[in-house]
Asks: 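Have a look at this one.
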Number of protein chains: 2
Amino acid sequence: MLPGMTTQYGIRPTMKDVAARARVGLKTVSRVVNDEPGVTPETAERVRSAITELGFRRNDSARMLRKGRTASVGLLLEDLGDPFYSVLSRGVEEVARSNGSLLFTGASAEDPQRERELALAFCARRVDGLVVVPAGDDHRYLLPELAAGTAVVFVDRPAERIGADSVLSDNAGGAREGTGHLVRQGHRRIGFLGDLPQIHTAAERLRGFREAMAAAGLPVAPGQVSMGPTDPASVAAALDRLTGGPRPVTALLTGNNRITLEVLRRLPALPYRPALVGFDDLELAELLVPGLTVVAQDPAGLGRTAAELLFRRLDGDAGPPRSVRLPTRLIPRGSGET
Amino acid sequence: MLPGMTTQYGIRPTMKDVAARARVGLKTVSRVVNDEPGVTPETAERVRSAITELGFRRNDSARMLRKGRTASVGLLLEDLGDPFYSVLSRGVEEVARSNGSLLFTGASAEDPQRERELALAFCARRVDGLVVVPAGDDHRYLLPELAAGTAVVFVDRPAERIGADSVLSDNAGGAREGTGHLVRQGHRRIGFLGDLPQIHTAAERLRGFREAMAAAGLPVAPGQVSMGPTDPASVAAALDRLTGGPRPVTALLTGNNRITLEVLRRLPALPYRPALVGFDDLELAELLVPGLTVVAQDPAGLGRTAAELLFRRLDGDAGPPRSVRLPTRLIPRGSGET
DNA sequence: ACTCCTGTCGACATCGTTGTCAGCTTGGTA
DNA sequence: TACCAAGCTGACAACGATGTCGACAGGAGT
């Protein structure tokens, strides 16, 4: 126990207790706690000693109730442990902290129902704003919250059926660039191995792939594309389909970090080694032999930009919904240059 | 706007508004919202329509103020983007959600001052409990919070100067095992490259290293150990010291994932290739050539266990502080077997 | 007809803080 | 002496919900 403390277990002192102990009015304590002017130094000192003696700490729940703003924002993403999203969330956290806000975090696990529950729970807490990596395809349930003044920014994937800010990577452009890179190496049968097609980023990357192939005058047979879940078994099966059969692909564009990872694990077991470009950078990519060529996104930038947009809204920006698109970057390291 | 909605921008309807619209008392609305018994189906139905018409959503700030519990916990760690901590935080999030709590997240950036500010900000929000990866070496500032009933569990590093639950990896044991592995390969001059010595995990791993060396009857010259910051430049300099000079080490134990990563990057530039065992697993470790041998921790387990301990406290467990130690696991993959 | 009970329902106080406003000193000025 | 302005200070209402308790209606039992 700290010296001079008089706290009893389980009960927190309130301003009223502090006021009684310092023999001042409730409002004077409030003034001291909030550094408001109009308190003589002696009174303030008396209040401050009472505060430390009692171990008083202002109850921000009550404060928020009174003031209306909660100084907190909610972040909703798919998986906290995924390197991509964890770096994104670091970006959001940094901006939130520098704006004096605390951050609620929740993981939707790609389940629209859970996303909805979490988002509404955040709203019930009256977060000032939400940064959402959407899982579902209908976000109209957020309309009342938007109308009530909760700012919402979508990141990584666009909002569906709702007008709100969004920050996206140039998914199609990145896929075009990655595909073009393989085309320039002379590949003609290039495969695309992507996430579930209803996920916006997956669809966009597939679109970019198809555009680049079309631009190069190359056909895309059905057997060259596989869209599906990203668990190891499904990816392995998809990889076998693309690399097996009568006309196996000579090169692969993988649609996100999880898929790339699983493909890398399976490469040694294949009868030949296709060229590979992965969407999303991986931490050890440069140390593999050959180095892994990737289309890198800027997850920290996505998070930061989304949060900055959010706080701009909270500062009163009431313009029409903005849509920011961050560029991707092709990093050739060897695996795509064969 | 949803059909039938009457919401006005920026003002949220309250229970009072719902009550007026449904022509019932305030308390009846509360009863319906909370599924309390004692309301006739017709009345409940009237209230429910009023709720959807107005777009009412209960204000949990007010609720928390009244009820005392906030159904939220705070997580304080060093860096949200670090793969180790992000997986840990996923573990915490899972347990929090299954216990019906929301999660505040904050990053201390290894700065005791910032840790303190964030922890106290969480406490001011009246979180029910805190999971803390401590940055500082004195947590007595949390004593009043503990006394007031906020549960606190420390994870990854122990609490300093305060009695509270903690969940740690067996850092010394893991380092012993990693070092022993190198010894068994015949190495006699083994180097240890660790984080700042004031960080508990770094000190413990160094201790394990020394113990294993002593057990093998091997001397540890000062030039075989380097403890310092983990930014790339510092690690590179330390690596040069250990591998340069008249008696370079033949094998290395690296003290955490950031150090391992930087050493891996620098290996090609060294005049020879030392054997390497890294503390913490890395996602592509098995795909390197040679595969990276590691002492793996269980970050998800750390997070889950810490959160479970926390909720056990919140459920009333008032026993003495517990200290849980999770085992590490040596995963030989090649880099330590030369 | 009377009591008693059960089941619905609402008035009111309350949680801990902040905003409003009026009251009290104090010192200066006419 | 009277008056006023300026600076401190505290009483009170309010934020939006929940807990307590009493009011009331309707039915059962005597």
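Throughout, protein chains are lettered first and strands after them, A, B, ... in sequence-line order, and every chain is numbered starting at 1. Reckoned from all heavy atoms, side chains included, excluding hydrogens, waters and symmetry mates.
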Asks: OP1 or OP2 of C/dT18 sitting under 4.0 Å from any side-chain N/O of A/Asn34?
Replies: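 Yes, within the criterion.
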
Asks: Reckon B/Val33 touches a base, only the sugar-phosphate, or nothing at all at heavy-atom distances under 4.0 Å?
Replies: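 Nothing, no nucleic acid heavy atom in range.
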
Asks: Please tell me which of the listed nucleotides, C/dA13, C/dT17, D/dT9, lies nearest to the side chain of A/Thr28?
Replies: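 The closest nucleotide is D/dT9.
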
Asks: Is any NZ, NE, NH1 or NH2 atom of the basic residue among A/Asp60 and A/Arg58 found under 4.0 Å from an Asp or Glu carboxylate oxygen of the other?
Replies: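 A salt bridge links A/Asp60 with A/Arg58.
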
Asks: Sub-3.5 Å donor-acceptor pair from the side chain of B/Arg126 to the main-chain atoms of B/Arg69, do we have one?
Replies: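 No; judged by distance alone, with no hydrogens or angles, the pair does not exist.
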
Asks: Hey, is the side chain of A/Ser30 poking within less than 4.0 Å of OP1 or OP2 on C/dT17, counting only N and O atoms?
Replies: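 For A/Ser30, the contact criterion (side-chain N or O under 4.0 Å from OP1 or OP2 of C/dT17) is not met.
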
Asks: In sequence, state the C-alpha distance, the side-chain angles, and the governing distance for A/Ser86 and A/Ser89, and then conclude on side chain to side chain donor-acceptor pair (under 3.5 Å).
Replies: CA-CA 5 Å; A/Ser86 70; A/Ser89 75; 5.7 Å; no

Asks: Quick one: is B/Arg66 getting a side-chain N or O under 4.0 Å of the C/dT14 phosphate, OP1 or OP2?
Replies: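 No.
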
Asks: Check the distance between C/dC15's P and B/Arg63's CZ and give it to me in whole angstrom.
Replies: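 That distance rounds to 18 Å.
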
Asks: Could you tell me whether B/Gly38 contacts a base, only the sugar-phosphate backbone, or nothing, with contacts defined as non-hydrogen atoms closer than 4.0 Å?
Replies: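 Contact class for B/Gly38: sugar-phosphate only.
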
Asks: Find the distance B/Leu26:CG to D/dT20:P and express it as a whole number of Å.
Replies: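 From B/Leu26 CG to D/dT20 P: 16 Å.
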
Asks: Closest approach to the side chain of B/Glu36, judged atom by atom: which nucleotide of C/dT8, D/dG19, C/dT18 is it?
Replies: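 It is D/dG19.
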
Asks: Reckon A/Ser61 has a side-chain N or O less than 4.0 Å from the OP1 or OP2 of C/dT17?
Replies: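 Indeed not, no polar side-chain atom of A/Ser61 lies that close.
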
Asks: Ignoring backbone atoms, establish whether B/Arg58 has a side-chain N or O less than 4.0 Å from OP1 or OP2 of D/dT18.
Replies: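 For D/dT18, OP1 or OP2 has a side-chain N or O of B/Arg58 closer than 4.0 Å.
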
Asks: Which nucleotide in the list D/dG10, C/dC9, D/dG19 gets nearest to the side chain of B/Arg31?
Replies: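 Among D/dG10, C/dC9, D/dG19, the one nearest the side chain of B/Arg31 is C/dC9.
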
Asks: Can a side chain N or O of B/Lys67 be found less than 4.0 Å away from OP1 or OP2 on D/dG19?
Replies: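 Indeed, a polar side-chain atom of B/Lys67 lies that close.
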
Asks: Can you tell whether the side chains of A/Arg12 and B/Glu145 come within less than 4.0 Å, N to carboxylate O?
Replies: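 Looking at B/Glu145 together with A/Arg12, the answer is yes, because their closest N to O distance falls below 4.0 Å.
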
Asks: Could a donor-acceptor pair under 3.5 angstrom be found where the side chain of B/Arg126 meets the base of C/dG16?
Replies: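 A donor-acceptor contact between them is absent.
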
Asks: Will you find, in the side chains of B/Glu160 and B/His200, an N or O donor that is under 3.5 Å from an N or O acceptor?
Replies: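 There is no such pair between these side chains.
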
Asks: If we fit an axis to the first five pairs and another to the last five of the helix from C/dA1-D/dT30 to C/dA30-D/dT1, what angle do they make, to the nearest 10°?
Replies: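 The angle, to the nearest 10 degrees, is 70°.
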
Asks: Return the nearest nucleotide to the side chain of B/Leu65; candidates are C/dC15, D/dA17, C/dT17.
Replies: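 In terms of side-chain proximity for B/Leu65, the closest of C/dC15, D/dA17, C/dT17 is C/dC15.
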
Asks: Answer with yes or no whether the side chains of A/Asn59 and B/Arg125 bring together a donor and an acceptor at under 3.5 Å.
Replies: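 Side chains of B/Arg125 and A/Asn59: no pair found under 3.5 Å.
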
Asks: Considering just the side-chain nitrogens and oxygens of A/Thr43, establish if one lies under 4.0 Å of OP1 or OP2 belonging to D/dT9.
Replies: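 Yes.
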
Asks: Strictly below 4.0 Å: does A/Arg12 bring a side-chain N or O up to OP1 or OP2 of C/dG16?
Replies: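 False: A/Arg12 side-chain N/O out of range (4.0 Å or more) of C/dG16 OP1/OP2.
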
Asks: With a 3.5 Å cut-off and just heavy-atom distances, do the side chain of B/Lys27 and the base of D/dG19 make a donor-acceptor pair?
Replies: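 Checked by distance alone, the answer is yes.
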
Asks: State whether B/Asp165 and B/Arg312 are salt-bridged, where the test is any N-O pair (Lys NZ or Arg NE/NH1/NH2 against Asp/Glu carboxylate O) under 4.0 Å.
Replies: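 Answer for the salt bridge query: no.
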
